[in-house]
Amino acid sequence: MARIPSSEITARRVYLNRRSFMQSMMVAGGATVLADSVSAQQPAAHGRKLTTIRSALSTTEKPNTWEQVTTYNNFYEFGTDKSDPAVYAPRYRPPQPWTVAIEGECARRGRLNLEDILKGETLEDRIYRMRCVEGWSMVIPWVGFPLANLIKRVEPTSKARFVEFTTAHDTGQMRGQRSDVLEWPYVEGLRLDEALHPLTILAVGIYGEVLPNQNGAPLRLVVPWKYGFKGIKSIVRIRFVERQPQTSWMINWPEAYGFYSNVNPTVDHPRHSQATEARLPSLFRSMKTQMFNGYADQVASLYKGMDLRKNY
Ligand SMILES: Nc1nc2c(c(=O)[nH]1)N[C@H]1C(S)=C(S)[C@@H](COP(=O)(O)O)O[C@H]1N2
Ligand SMILES: [Mo]
């Protein structure tokens, strides 16, 4: 059920549709025995409905089920096993209201409530292929809006060349942060043109519902042509900077994790081939990984003239 009070997401086009929520609960209740086969097309209601429009930028591939998307996660703040976030993240209570600090090279520095960020935004269904560096992939029906919209609102200066993102730091509530498996808080970065690309979104939901905690509630980044780890979760700070920022995975193991981390079947991770992938729930690497995760037509021009072996 919903974890986020309605004060969190109250923008005009974003509201809890109590009526359809109740109706889908009833449908779900009546169809329990069929849950597995039905869930791919018609997931049961697990949270708050969001009002969305369809995006032409969605893939037509079949999405993974709600259960797959919400129980096989990487979110080291809640543990390193794929199943840990689904167990430990649901009891996380995000601070109310959720605020994002806007810092660095931009005209409108300050703190923005999530509510204000969403004001005037049209939320879109964006079904994206997602690929983890470990070799598994999923198709996830995100709900979000272009990061470019927020960036334009805060008016980066001419010095801004990169954007740095930071996850919440809360050792009381995030048990994983009591271990030193990564340096906390989790940080990520994009070049400004990558951040402004229309495929780059900030997500607040999946499957037409508010984001479950394990998927990075209440606000997370989604960059479909990059490996999954670039999709930083539970964002509390966005900073515009002149120089390429550090990222948690670069700090952790720089030879394996570069700043760009574009999906690239020809450049392997030291422990994981990137040539093929297993589309969950299958564990067999039966699919060929595509350059830029299949988004080359849209994004290859961003990297014209760059050596992608060096800039991995
Ligand atoms: N803050 C934070 N963000 C994170 C991670 C993390 O451990 N902490 N894991 C990353 C990795 S490795 C992946 S594959 C994706 C998974 O996102 P999903 O669980 O919503 O599919 O989240 C990314 N974002
Ligand atoms: Mo990942």
Side-chain angles (χ1 to χ4, degrees), residues 1 3 35-36 39 43 46-47 63-94 128-142 165-188 203 205-207 209-223 226-236 247-253 256-257 261 263 268-274 276-287 289:
M1 270 290 292
R3 313 279 172 193
D36 274 357
S39 54
H46 298 261
N64 282 86
T65 65
W66 171 277
E67 286 70 22
Q68 289 156 2
V69 172
T70 60
T71 60
Y72 196 87
N73 305 100
N74 269 335
F75 198 173
Y76 278 20
E77 283 80 347
F78 294 103
T80 54
D81 282 356
K82 299 287 177 282
S83 54
D84 282 339
V87 173
Y88 297 108
R91 47 181 105 130
Y92 173 59
R93 292 290 171 273
Y128 281 161
R129 283 182 294 273
M130 305 299 301
R131 192 193 187 284
C132 180
V133 76
E134 295 159 10
W136 46 272
S137 66
M138 286 203 229
V139 175
I140 303 186
W142 300 107
F165 304 85
T166 307
T167 292
H169 197 191
D170 184 344
T171 46
Q173 290 204 77
M174 294 172 151
R175 66 203 307 273
Q177 290 180 336
R178 289 173 231 151
S179 97
D180 59 6
V181 58
L182 288 177
E183 259 182 46
W184 308 110
Y186 194 102
V187 285
E188 255 306 337
I206 53 166
Y207 263 118
E209 300 183 10
V210 167
L211 212 52
N213 285 346
Q214 58 265 43
N215 294 85
L219 184 72
R220 58 89 52 83
L221 182 68
V222 178
V223 194
K226 292 178 183 279
Y227 293 113
F229 61 85
K230 297 293 282 185
I232 183 171
K233 294 174 167 178
S234 305
I235 296 168
V236 295
T247 74
S248 287
W249 289 102
M250 287 169 75
I251 297 166
N252 181 270
W253 189 4
Y257 303 104
S261 300
V263 174
D268 286 342
H269 178 283
R271 291 221 190 110
H272 306 283
S273 161
Q274 303 301 338
T276 57
E277 66 198 61
R279 174 65 50 82
L280 295 179
S282 167
L283 297 174
F284 294 102
R285 284 177 170 251
S286 55
M287 293 177 69
T289 290

- Message: Working note: Tyr257 + Thr247, criterion side chain to side chain contact (heavy atoms under 4.5 Å, CB included); need CA distance, chi angles, decisive distance, verdict.
- Response: CA-CA 9 Å; Tyr257 303 104; Thr247 74; 5.8 Å; no
- Query: Say you draw a straight line from OG1 of Thr71 to CG of Asp84; how long is it, rounded to the nearest 0.5 Å?
  - Reply: 12.0 Å
- Task: For the pair Gln177 (side chain) and Asp170 (backbone), establish whether a donor and an acceptor sit closer than 3.5 Å, ignoring hydrogens and angles.
- Result: yes
- Message: Donor-acceptor check, side chain of Asn73 to backbone of Lys82, threshold 3.5 angstrom: yes or no?
- Response: no
- Can you tell me how far OG1 of Thr80 sits from CZ of Phe75, rounded to the nearest 0.5 angstrom? 14.0 Å
- Task: For Trp184 and Ala168, indicate whether the former's side chain and the latter's backbone hold a donor-acceptor pair under 3.5 Å.
- Result: no
- For Ser137 and Arg279, work out which heavy atoms get closest and say how close. OG-NE, 2.9 Å
- Task: With rounding to the nearest 0.5 Å, note down the distance linking CG in Asn64 to CH2 in Trp136.
- Result: 10.0 Å
- Task: Apply side chain to side chain contact (heavy atoms under 4.5 Å, CB included) to Met130 and Trp142, showing your working.
- Result: CA-CA 11 Å; Met130 305 299 301; Trp142 300 107; 3.5 Å; yes
- Message: Just checking Tyr76 against Trp249, ring centres under 6.0 Å apart?
- Response: yes
- Item | Worked verdict on Glu277 versus Arg129 for side chain to side chain contact (heavy atoms under 4.5 Å, CB included) | CA-CA 12 Å; Glu277 66 198 61; Arg129 283 182 294 273; 6.0 Å; no
- Task: Could you walk me through whether Trp66 and Ile206 pass side chain to side chain contact (heavy atoms under 4.5 Å, CB included), step by step?
- Result: CA-CA 8 Å; Trp66 171 277; Ile206 53 166; 3.7 Å; yes
- Side-chain donor or acceptor of Asn215 paired with backbone N/O of Val69 under 3.5 Å: yes
- Task: Write down the atom of Thr166, the atom of Val187, and the distance for their closest heavy-atom approach.
- Result: OG1-CG1, 3.8 Å
- Query: Hey, is the main chain of Leu211 close enough, under 3.5 Å, to the side chain of Arg220 for a donor-acceptor pair?
  - Reply: no
- Would you confirm whether Thr167, through its side chain, and Ile235, through its main-chain N or O, come within 3.5 Å as a donor-acceptor pair? no
- Message: Less than 4.5 Å apart, side chain to side chain, heavy atoms only: is that true for Gln68 and Pro281?
- Response: yes
- Message: Could you measure the distance from the OG1 atom of Thr65 to the OH atom of Tyr207? Nearest 0.5 Å is fine.
- Response: 6.0 Å
- Item | Backbone N/O of Tyr92 and side chain of Asn213: donor-acceptor pair under 3.5 Å | yes
- Output the distance between atom NE2 (His269) and atom CD (Glu134), rounded to the nearest 0.5 Å. 8.0 Å
- Task: To the nearest 0.5 angstrom, please state how far the OH atom of Tyr186 sits from the OG atom of Ser248.
- Result: 6.0 Å
- Item | N-O pairing of Lys226 and Glu188 below 4.0 Å | no
- Message: Test your reading of the model: is there a side-chain donor-acceptor pair from Gln274 to the backbone of Val133, 3.5 Å cut-off?
- Response: yes
- With distance as the sole test, does Lys233 use its side chain to make a donor-acceptor pair with the main-chain N or O of Gln214 at under 3.5 Å? yes
- May I ask you to decide if Gly172's main-chain N or O and Arg178's side chain share a donor-acceptor pair within less than 3.5 Å? yes
- Determine whether Tyr128 and Val139 make a side-chain contact, defined as any pair of heavy atoms from C-beta on separated by less than 4.5 Å. no
